[in-house]
There are 2 protein chains.
Amino acid sequence: MNAPTPAPRMTRQRREILDALDTRDFRSAQSWHERLRAEGSTIGLATVYRGLQALADQGEVDAVVSESGETLYRRCEAGEEHHHHLRCRSCGKAVEIDVPEFEDFAHRIGDAHGYGDIRHTIELTGVCPECAAAGRG
Amino acid sequence: MNAPTPAPRMTRQRREILDALDTRDFRSAQSWHERLRAEGSTIGLATVYRGLQALADQGEVDAVVSESGETLYRRCEAGEEHHHHLRCRSCGKAVEIDVPEFEDFAHRIGDAHGYGDIRHTIELTGVCPECAAAGRG
DNA sequence: CGTCTTATCGCTAATGATTCTCAATTGCAC
DNA sequence: GTGCAATTGAGAATCATTAGCGATAAGACG
Ligand SMILES: [Zn+2]
Ligand SMILES: [Zn+2]
Ligand SMILES: [Zn+2]
Ligand SMILES: [Zn+2]
């Protein structure tokens, strides 16, 4: 009864994206695209957007919406597991964190108000030690 | 030492925005603009954007970035106080919530990783009872 | 391998939300 | 009232993200 998941193909571009993403920083699709081109890739911008979204759906990459509304991506290190981040607003470097206390709390609050299908967003941002030292921040 | 706060003026448009905002729902600037025009106002879209931002800065309205990246506003009921929301993804209705446990946690995590100037985002979204009943959701 | 199907590419044009420009207004202090 | 900077409204300009489309090339099969 379900749409037969269209077979995903491993293309050169897909590989390039995955490779580029092996850092620890959150960056916009445009930013990843620039980096790829800078490294000699001929990949197109739309392809980077498509690739990142696909990878995000598979849980291969994390996606967060910045305060300004852009979507930032980076390779995920926790796999499928649900988690959150502490991200540097200046350089994008992030640490994955766990907020077990909150996971329950979220559902309790939802129930208390009769809201169903609860989803939550928790993002911590700050300025990392390096950026602070460099005066960016 | 500070920039002399440019005197804010109470204009007809400013008042209209404030009045329109006295509901409990989160809506986009465009949505508020439509509503104002529908009520007969001749206010311009840019003015609504400017007004909402100004009000958000003064703490008169809450602003949140939706999952799709648009900014949603509504009149704040908690005044200056720091707080978070449980918002309906379908109709925008929201409840203000308090997460004392988390407030500390956020700073502890930040310190633990050496990140400074910690900021956080916590948003709960779900489907409110009305929307669930109406099958929207 | 060679063939065939169609997911994926890369470009470019199109969206959609938000911001900027600028002449015309209009709070509001004096 | 006057004067002037803050504010407005319409439309152009930005910016990130998508959609459309002909060209490619994964990958299944034989
Ligand atoms: Zn940093
Ligand atoms: Zn969580
Ligand atoms: Zn609702
Ligand atoms: Zn908080």
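A, B, ... follow the sequence lines: proteins, then strands. Residue 1 opens every chain.
- With hydrogens and angles ignored, a donor-acceptor pair under 3.5 angstrom links the side chain of A:Arg50 to the base of C:dG10.
- Between A:Glu16 and A:Arg12 there is a salt bridge, since at least one side-chain N of the basic residue sits less than 4.0 Å from a carboxylate O of the acidic one.
- Looking at the side chain of A:Glu70, the nearest of the listed nucleotides D:dT17, C:dT18, C:dG10 is D:dT17.
- At the phosphate of C:dT18, OP1 or OP2 sits under 4.0 Å from a side-chain N or O atom of B:Thr71.
- Contact annotation for B:Ser28: no contact, since no heavy-atom pair falls under 4.0 Å across all strands.
- With A:Glu96 as the fixed residue, the salt bridge (charged side-chain N to carboxylate O under 4.0 Å, His left out) test singles out one of A:Arg75, A:Arg74, A:Arg87: A:Arg74.
- The phosphate of D:dA26 (OP1 or OP2) has no side-chain N or O of A:Thr11 nearer than 4.0 angstrom.
- Atoms CG (A:Leu72) and P (D:dA16) sit 12 Å apart, rounded to a whole Å.
- Closest-nucleotide positions on DNA chain C for A:Leu45 and A:Arg14 were compared, and the one nearer the 5' end corresponds to A:Arg14.
- You'll find a donor-acceptor pair under 3.5 Å spanning the side chain of A:Arg9 and the base of C:dT6, going by distance alone.
- At whole-Å resolution of the value, CD in B:Glu16 and P in D:dT7 are 16 Å apart.
- Take the nearest nucleotide of DNA chain C for B:Met10 and for B:Tyr49: the residue whose nucleotide is more 5' is B:Tyr49.
- We find that A:Glu123 and B:Arg119 are not joined by a salt bridge, their nearest charged nitrogen and carboxylate oxygen being 4.0 Å or further apart.
- Taking only side-chain atoms of B:Ala46, from C-beta outward, the nucleotide of D:dT18, C:dG10, C:dC20 with the closest atom is C:dC20.
- Looking at the side chain of B:Arg12, the nearest of the listed nucleotides D:dG9, D:dT18, C:dG10 is D:dG9.
- B:Phe102 and B:Phe105 have tilted rings, their planes meeting at an angle from 30° to 60° on a 0 to 90° scale.
- Distances shorter than 4.0 Å separate none of the side-chain N or O atoms of B:Gln13 from OP1 or OP2 on C:dT26.
- Contacts of B:Gln53 with the nucleic acid, taken as non-hydrogen atoms under 4.0 Å apart, involve only primed sugar atoms and P, OP1 or OP2.
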